[in-house]
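Side chains included, hydrogens not; waters and symmetry mates left out as well; all remaining heavy atoms used. It should be emphasised that the depicted structure is a prediction, and the values quoted were computed from it without experimental measurement.
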Amino acid sequence: MKSDNPDRFLMALRGCYLFSGVNDGILQELARGCRLDSYPAGHALFDAGDEADGLRIIVAGLIRVWINDEDGKELTITLVEAGDPLGEIALLDGRPRSANATTLEESTCLFLPSVSFEEVLNANPQFARQIIISLCEILRRNTHDLSGFAFDTLQVRLARKIHELAFIHALIAGGTAKFDRLFSQTELANMLGATREAVNKRLAEMVKARLISFENGRIVVIQLDELAKVFEA
């Protein structure tokens, strides 16, 4: 389903960190080339190898970006949420998609076609510099995440991931975080590049240490500051 709402387009662009510092005049130019698309849960936005068509900014919902190998093993690269861009690298280099993107729940995205973006970029050198700076910040963050993936234990990485997810998918009160979304052990394993069995064992250790518990299958972080000590030590 598609809809047109220029004010909503501008708000979505303004709220995306990729366009941080970009003036409203340029954002209005970009907004004129946008459209709003809605998708059901389980919808494949694109697959690895697809031709790049443009940038998506998540307005509502949750999207999983993932890769898989020839044996069918999957690794979740990231979960993209409201305000986040999706496909920013392919937007600039024009190369095929390097990962798959699938909605985990009903989602709405602002879509900016590559051709509309390029028209504004080519006409505004300062805008191009701002985009480069934003992409450099993303690269630095990815490098930091990769170092943790390479050198930290699974227990540390799992604690960090649960802590990170809690601030997005949990109700927090008095330092306790109760998740409002169920994350299966398979989903957590895919985010961490681990087996379900290994994640299950580490979760059991966290329950025994009274760092987390479960209510109706959903994670409850008993005290966020205690969980943080696992990966801040």
Do any side-chain atoms of residues 104-113 form donor-acceptor pairs under 3.5 angstrom with protein atoms, and if so which ones, sequence neighbours left out?
residue: Ser107; atom: OG; partner: Leu62; partner atom: N; Å: 3.3
residue: Ser107; atom: OG; partner: Glu105; partner atom: O; Å: 2.7
residue: Thr108; atom: OG1; partner: Ser38; partner atom: OG; Å: 3.3

(request) Taking ring pair (Phe, Tyr, Trp, His ring centres under 6.0 Å) as the test, write out the residues that go with Phe46, two or more places apart. (result) none
(message) For residues Trp66 and Ile58: do they belong to one hydrophobic cluster (side chain heavy atoms under 4.5 Å, members Ile, Leu, Val, Met, Phe, Trp, Tyr)?
(response) no
(request) Could you tell me which residues satisfy side chain to side chain donor-acceptor pair (under 3.5 Å) with Asp47, sequence neighbours excluded, listed by chain and number? (result) none
(message) With a 4.5 Å cut-off on side-chain heavy atoms, are Phe167 and Leu224 touching?
(response) yes
(request) Go through the steps for Ile63 and His43 under the test side chain to side chain contact (heavy atoms under 4.5 Å, CB included), then give the verdict. (result) CA-CA 9 Å; Ile63 295 170; His43 179 81; over 6 Å; no
(message) So, taking the atom named NZ in Lys161 and the one named CG in Leu154, what distance separates them when rounded to the nearest 0.5 Å?
(response) 12.5 Å
(message) I'd like to check the salt bridge (Lys or Arg N to Asp or Glu O under 4.0 Å) partners of Glu51; sequence neighbours left out, ordered by chain and number.
(response) none
(request) Taking all heavy atoms of Ile57 and all of Ala12, pick out the closest pair and write down the distance. (result) CG2-O, 4.0 Å
(request) Can you see which heavy atom on Ala194 is nearest to which on Val199, and at what distance? (result) CB-CG2, 4.2 Å
Acceptor/donor pairs from residues 80-93 side chains to any protein atom, 3.5 angstrom cut, sequence neighbours excluded:
residue: Glu81; atom: OE2; partner: His169; partner atom: NE2; Å: 2.6
residue: Asp84; atom: OD2; partner: Glu81; partner atom: N; Å: 3.0
residue: Asp93; atom: OD1; partner: Arg95; partner atom: N; Å: 2.9

(request) Would you confirm whether Thr103, through its side chain, and Gly42, through its main-chain N or O, come within 3.5 Å as a donor-acceptor pair? (result) yes
(request) Run the numbers on Leu203 and Leu188 for side chain to side chain contact (heavy atoms under 4.5 Å, CB included), then give the verdict. (result) CA-CA 10 Å; Leu203 288 171; Leu188 292 172; 4.3 Å; yes
(request) State which residues pass side chain to side chain donor-acceptor pair (under 3.5 Å) with Gln126; sequence neighbours excluded, sorted by chain then number. (result) none
(message) Looking at every non-hydrogen atom in both residues, tell me the closest pair between Ala48 and Asn100 and how far apart they are.
(response) N-OD1, 2.9 Å
(message) What I'd like to find out is whether the side chain of Met206 reaches to under 4.5 Å of the side chain of Gln155, using heavy atoms alone.
(response) yes
(message) Measuring from atom NE2 of His163 to atom CG of Leu227, what distance do you get when rounded to the nearest 0.5 angstrom?
(response) 6.0 Å
(request) State plainly whether one hydrophobic cluster holds both Tyr17 and Leu30, where clusters connect Ile, Leu, Val, Met, Phe, Trp and Tyr through side-chain heavy atoms under 4.5 angstrom apart. (result) yes
(request) Determine, stepwise, if the pair Phe117 / Leu55 fulfils side chain to side chain contact (heavy atoms under 4.5 Å, CB included). (result) CA-CA 9 Å; Phe117 176 81; Leu55 176 76; 5.7 Å; no
(message) Run the side chain to side chain contact (heavy atoms under 4.5 Å, CB included) test on Asn190 and Glu187 for me, step by step, so that the C-alpha distance in whole Å, both residues' side-chain angles and the decisive distance to 0.1 Å come before the verdict.
(response) CA-CA 5 Å; Asn190 287 339; Glu187 284 182 296; 5.7 Å; no
(message) Could you measure the distance from the CD1 atom of Ile131 to the CG atom of Asn124? Nearest 0.5 Å is fine.
(response) 10.5 Å
(request) Scan residues 125-135 for pairs that pass salt bridge (charged side-chain N to carboxylate O under 4.0 Å, His left out), counting only residues two or more places apart or in two chains. (result) none
(message) I'd like to know whether NZ of Lys178 has more than 12 heavy-atom contacts from other residues, nucleotides or ligands below 6.0 angstrom.
(response) no
(request) Not counting sequence neighbours, which residues clear side chain to side chain donor-acceptor pair (under 3.5 Å) with Thr76? List them please. (result) Arg64
(message) Ignoring hydrogens, what is the shortest heavy-atom contact between Phe9 and Arg35? Give both atom names and the distance.
(response) CZ-CA, 3.8 Å
(request) Would you mind reporting whether Gln130 and Ile133 have side-chain heavy atoms less than 4.5 Å apart? (result) no
Name every donor-acceptor pair, under 3.5 Å, that has one atom in a side chain of residues 208-220 and the other anywhere in the protein, sequence neighbours excluded.
none

(request) Determine, using the 4.5 Å side-chain heavy-atom cutoff (strictly less than), whether Ile222 and Ile172 are members of one ILVMFWY cluster. (result) no
(message) Please give me the minimum heavy-atom distance between Arg202 and Leu158, naming the atom from each residue.
(response) CB-CD2, 3.6 Å
(request) Examine Met11 and Leu27 and state if one hydrophobic cluster contains both, with Ile, Leu, Val, Met, Phe, Trp and Tyr joined whenever side-chain heavy atoms are less than 4.5 Å apart. (result) no
(request) Look only at the side chain of Thr176 and the backbone of Gln223, and say whether a donor-acceptor pair between them is shorter than 3.5 Å. (result) no
(request) Determine whether Leu79 and Ile168 make a side-chain contact, defined as any pair of heavy atoms from C-beta on separated by less than 4.5 Å. (result) no
(request) Sequence neighbours left out, what passes side chain to side chain donor-acceptor pair (under 3.5 Å) with Asn23? Give chain and number order. (result) none
(message) Applying salt bridge (charged side-chain N to carboxylate O under 4.0 Å, His left out) as the test, list every pair that has at least one member in residues 189-200; sequence neighbours left out.
(response) none
(message) List the residues meeting salt bridge (Lys or Arg N to Asp or Glu O under 4.0 Å) with Arg32, not counting sequence neighbours, and say none if there are none.
(response) none
(message) What I'd like to find out is whether the side chain of Asp24 reaches to under 4.5 Å of the side chain of Arg14, using heavy atoms alone.
(response) yes
(message) Below 30° counts as parallel, above 60° as perpendicular, anything between as tilted: where do the rings of Phe183 and Phe179 land?
(response) perpendicular
(request) Mind listing the closest non-hydrogen atom pair of Gly49 and Pro96 along with its distance? (result) O-CB, 3.6 Å
